[in-house]
Amino acid sequence: MSDAIETSGLRMRFGKHAAVDGLDLKISAGSVYALIGSNGAGKSTTLKVLTNIQKGYEGHAALLGVESRRVGAKELERVAYVSESQEMPEGMTVAELLAFWRPFYRRWDAAREKELLDLFRLPLDRKLKHLSRGMRMKAALASSLAYHPELIILDEPFTGLDPLVRDELVEALLDHASEATILISSHDLAEIESFASHVGFLEEGKLRFSEEMSGLSQRFREVEVTVDQADLPSALPKHWLLPQTASAVVRFVETQFDGAGLEAEVHSVFPSARHIETRPMPLRSIFVALAKAGRETA
Amino acid sequence: MRLVWHIVKKDAWQQRYLIAAIVLTAALLALLNIRISSWASLPVEAVRQYFATGGVAFLGFAMVSALFVGVLVQSEGLAGVNDHWLARPVPGSALLQAKAIAVLLFVVVPIVLFQATVLMVNGFAIGDHWPGLLSRTAVTAALWILPTAALASVTRNWQQLAAGLVCGSMLAIGVAVFAEGFGYEAPEQFSAAVQNATVAVEGCVALALVAWQYFTRRVRIARVAAAVGLVVIVGGPRQFAPSLFSASRSVAPSAGAKTPNLRFALDQSGAPRGGDVARLTARSPDRIVRDTAGRVRHIPKDDRSGLETVTVPLLIDGLGEGQTAAVSIPSEAEVSIGGRKSNVRLRFTGGPGSSDASALVFDLDRDLLRIDAPMNIRAHFYVTQHASPKRYAMPTLNGSLRTFETGHCQSWVTERLHILCQRPYEFTSSIRGILTRGGPRPLNLQVFSEYQAAWPLIFDPLPLPLAQAWGGLSVRNLDRGEEYRDTSIVFEVSDVLARFEQDVAIEIPARALR
């Protein structure tokens with residue numbers, strides 16, 4: 001499968017601060033890729049660099065096979081970009097917004113536009129400045145999905161939206177998942193988990209991991225070990241995160257879970273281990289564990 | 001092009017209220033100026049009312065059009081990374097074209113229509129005055145439309161734009177004051193050239209910035225360039241105008257061909273001759289010539305005025321039939337004696353022409369003359385060469401004259417006899433009036449540019465598309481000015497053939513000062 005997005009050694013500096021620091025990323029066409037990370041991790045900057053909104057990067061970044069600094073109207077006709085921080089033309093009505101963008105896209109699909117309008121129940125005659133946050137996001141999405149984009153880039157689309165609106169947005173996205181590559185950065189990990197096929201974790205401008213969602217779910221486990229005496233040895237395996245003790249119980253997050261291997265490793269570290277319990281982790285818990293571990297290391 | 005017009009239509013609809021305000025204020029301006037020539041005969045109070053309303057209308061027009069340009073540029077903002085259009089397939093070139101068309105249609109066209117209406121209603125043919133109309137429109141664009149667009153392209157919202165306009169103006173004033181204090185102050189003869197250069201540089205810098213932003217969106221570089229550009233615009237032309245004009249002169253192929261054979265001499269013996277004669281090369285009227293003068297030595301003491309005055313006769317030769325030369329000077333010259341430098345007062349005596357009585361007079365401080373050392377004086381003067389004048393006459397009482405050179409001249413009697421000539425944009429020739437009563441008697445005609453008002457009013461921000469030459473005479477018979485019956489006013493208009501700037505270096509040996 002070809003790559004819809006590719007970066008290597010991507011760096012974006014603002015003064016002395018590197019918002020993106022040597023990012024190597026590949027996103028296969030057709031995948032739904034979730035880019036997660038704390039605030040300031042470099043997610044939004046990465047997306048803006050890729051679409052040539054943010055200028056002045058170093059290294060290599062390519063969008064649909066075109067070097068990002070050369071991305072222009074021809075490429076952007078195949079891309080949808082929606083961001084929670086986007087400044088919309090406040091004085092336009094929803095109808096005017098759609099009418100304005102329509103001629104710019106040769107693949108604009110009036111039927112699709114109507115479907116989206118029906119799905120989102122958008123008031124056509126209302127100015128954008130009079131719409132709620134959720135409605136504005138829907139309007140932005142409607143004007144970005146009506147031309148069957150090959151690549152959909154969403155930057156924190158669910159921030160500040162109520163669950164109902166989130167569901168509607170996800171529904172619209174899922175409708176497109178079969179015909180487009182989706183790159184989504186979000187804090188709403190529960191929503192992402194439901195439809196992302198791949199996930200990447202960005203921390204301080206660096207990609208800590210990038211893999212398929214199913215692999216991630218299999219790899220991470222919350223582990224609880226019952227021992228005679230809960231003393232933590234000074235050296236623990238590096239793939240055990242956030243070790244904690246409470247009376248006769250040791251808890252940690254295993255990042256390289258493989259069943260039998262874990263049991264053997266636990267016994268070697270805790271010879272008095274009497275019981276080992278593992279629990280799968282939702283994406284949100286994985287993210288929190290990684291973020292906490294990152295902070296502790298720092 | 002289809003997309004360009006699509007954007008123009010979008011902008012027109014989105015900014016329809018601002019466009020309506022622009023059209024309304026332009027129409028109000030036209031309405032107020034529609035019978036501008038008849039204002040002259042109105043009482044001063046009525047004219048003052050007109051001007052006050054016109055001033056408000058003009059300020060309103062300037063502010064509304066600047067706001068329109070700012071909003072127009074920032075509706076697809078160029079300075080940030082969050083604007084909705086940035087990830088859309090909109091080429092920067094299409095956007096730039098669309099914005100340019102919108103400014104042209106909704107700001108420039110109303111300006112042109114306003115001027116054209118005023119000219120036509122006042123009896124001036126557009127065909128005769130289109131260069132003035134175009135240049136005036138270009139100046140308007142360069143003065144505030146393009147700088148506003150440039151500033152809007154490097155700011156993210158109207159608050160930043162307004163702050164930028166205020167800070168930019170303050171910086172401009174600061175730099176202007178600094179340049180005035182330490183730099184080249186344009187002489188009156190070349191002030192128009194310096195002004196034109198300033199406006200041209202301003203327009204070019206602003207245009208380059210706007211284009212740069214639409215094609216690259218590198219806002220940090222653009223902001224630095226804007227700040228540097230502002231300093232260059234305000235300080236540059238003043239500092240470098242003479243050198244620039246001299247440099248442009250050397251590459252202008254036609255300059256030599258039109259050289260009038262005009263010569264100057266700084267000599268006490270009379271006729272200009274080789275050695276002491278600084279031959280100057282003439283240029284077209286708007287250009288500067290700065291040559292190195294021949295040195296004049298052994299200037300004797302002026303017995304009539306005493307030791308404190310050094311008089312240098314200035315002889316002008318080579319004027320053609322009927323031509324005249326007007327000399328003007330800066331108020332001071334630089335003197336150095338015994339390592340001490342100071343400024344001394346410089347005067348010019350004599351009138352236009354090559355009169356023997358013409359002279360440069362340096363008023364020296366007596367203290368300077370007590371120093372037993374040679375004295376060096378450095379100064380410069382300006383000469384404007386006028387062609388043989390054309391003459392047009394009109395009756396002194398209730399006269400009316402309309403020619404291309406004089407524009408529309410009228411005279412009428414109130415408590416005084418008033419003479420007023422109005423011409424679109426500027427008087428391209430020098431104009432003077434001569435009253436034929438009791439022998440030819442020069443009238444004091446004051447010429448005002450389009451940016452000034454002839455009427456005795458306070459500061460007036462309304463630039464009329466008509467320049468004025470205004471004069472007045474006292475009358476004994478307040479009703480009718482009977483004493484002027486059967487007399488006429490002759491207007492003499494003469495084209496400026498050339499303008500010169502000449503350096504003068506005078507060395508006076510110590511013994512000549514004792």
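By convention in this document, chain letters (A, B, ...) are assigned in the order of the sequence lines, proteins followed by strands, and residues within each chain are numbered from 1.
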Participant: Taking His6(B) for its side chain and Phe100(A) for its backbone only, find out whether a donor-acceptor pair lies under 3.5 Å.
Facilitator: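 Side chain of His6(B) to backbone of Phe100(A): a pair is present.
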Participant: Sort Ser44(A) into side chain, backbone, both or neither according to what part of it lies under 4.5 angstrom from a heavy atom of chain B.
Facilitator: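 Neither the backbone nor the side chain of Ser44(A) comes within 4.5 Å of chain B.
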Participant: With rounding to the nearest 0.5 angstrom, report the NZ to CD distance, Lys10(B) to Glu96(A).
Facilitator: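 The NZ atom of Lys10(B) sits 10.0 Å away from the CD atom of Glu96(A).
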Participant: Looking at every non-hydrogen atom in both residues, tell me the closest pair between Thr216(B) and Lys55(A) and how far apart they are.
Facilitator: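 Heavy atoms only, the tightest pair is O-CE, 3.3 Å.
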Participant: Looking at Pro89(B) and Ala73(A), what are the two nearest heavy atoms and their distance?
Facilitator: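 In this case the closest contact between Pro89(B) and Ala73(A) is CB-O, 3.2 Å.
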Participant: Using a 6.0 Å cut-off, check whether atom CZ of Arg69(A) has over 12 heavy atoms from anything other than its own residue.
Facilitator: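 Correct, the count exceeds 12.
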Participant: Side chain, backbone, both or neither: which part of Asn52(A) has a non-hydrogen atom closer than 4.5 Å to chain B?
Facilitator: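 Contact with chain B involves the backbone of Asn52(A) alone.
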Participant: Between OH of Tyr81(A) and CG of Leu86(B), what distance do you get to the nearest 0.5 Å?
Facilitator: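 It is 9.0 Å, given to the nearest 0.5 Å.
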Participant: In terms of heavy-atom pairs under 4.5 Å with chain B, which of Gly56(A), Ser83(A), Gly72(A), Gly91(A) leads?
Facilitator: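 Winner by heavy-atom pair count: Gly91(A).
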Participant: Using non-hydrogen atoms and a 4.5 Å limit, figure out which bit of Glu90(A) sits close to chain B: side chain, backbone, both or neither.
Facilitator: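 The answer is neither part of Glu90(A).
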Participant: Within the structure provided, determine whether Glu87(A) and Arg156(B) are in side-chain contact (heavy-atom separation under 4.5 Å).
Facilitator: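 When only atoms from C-beta onward are counted, Arg156(B) and Glu87(A) do not touch, as no gap falls below 4.5 Å.
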Participant: Considering only heavy atoms, which portion of Trp85(B) lies under 4.5 Å from any heavy atom of chain A: side chain, backbone, both, or neither?
Facilitator: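 For Trp85(B), backbone and side chain are both near chain A.
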Participant: Is the shortest side-chain heavy-atom distance between Asn82(B) and Lys48(A) below 4.5 Å?
Facilitator: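 Yes. Closest side-chain heavy atoms under 4.5 Å.
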Participant: Would you mind checking which part of Ala80(A) comes under 4.5 Å of any heavy atom in chain B, side chain (CB onward), backbone (N, CA, C, O), both or neither?
Facilitator: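 Contact with chain B: none, neither part.
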Participant: How many angstroms lie between CD1 in Ile53(A) and CZ in Arg88(B), if you round to the nearest 0.5 Å?
Facilitator: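 Here the rounded value is 10.5 Å.
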Participant: Answer yes or no: does atom CZ of Arg16(B) have more than 12 heavy-atom neighbours from other residues, nucleotides or ligands under 6.0 Å?
Facilitator: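 Enclosed: over 12 neighbouring heavy atoms sit under 6.0 Å from CZ of Arg16(B).
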Participant: Extract all donor-acceptor atom pairs below 3.5 Å that involve side chains of residues 200-207 of chain B and protein atoms in other chains or at least two apart in sequence.
Facilitator:
none

Participant: Within a 6.0 Å radius of atom CZ on Arg133(A), are there more than 12 heavy atoms belonging to other residues, nucleotides or ligands?
Facilitator: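 It does: Arg133(A) CZ has more than 12 such atoms within range.
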Participant: Return the minimal non-hydrogen interatomic distance between Phe104(A) and Ile7(B), and the atom names on each side.
Facilitator: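 Scanning both residues completely, I find the closest heavy atoms to be CZ-CG1, 3.9 Å.
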Participant: Between Pro89(A) and His84(B), is there a side-chain heavy-atom distance shorter than 4.5 Å?
Facilitator: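 They are in contact (side-chain heavy atoms under 4.5 Å apart), so the answer is yes.
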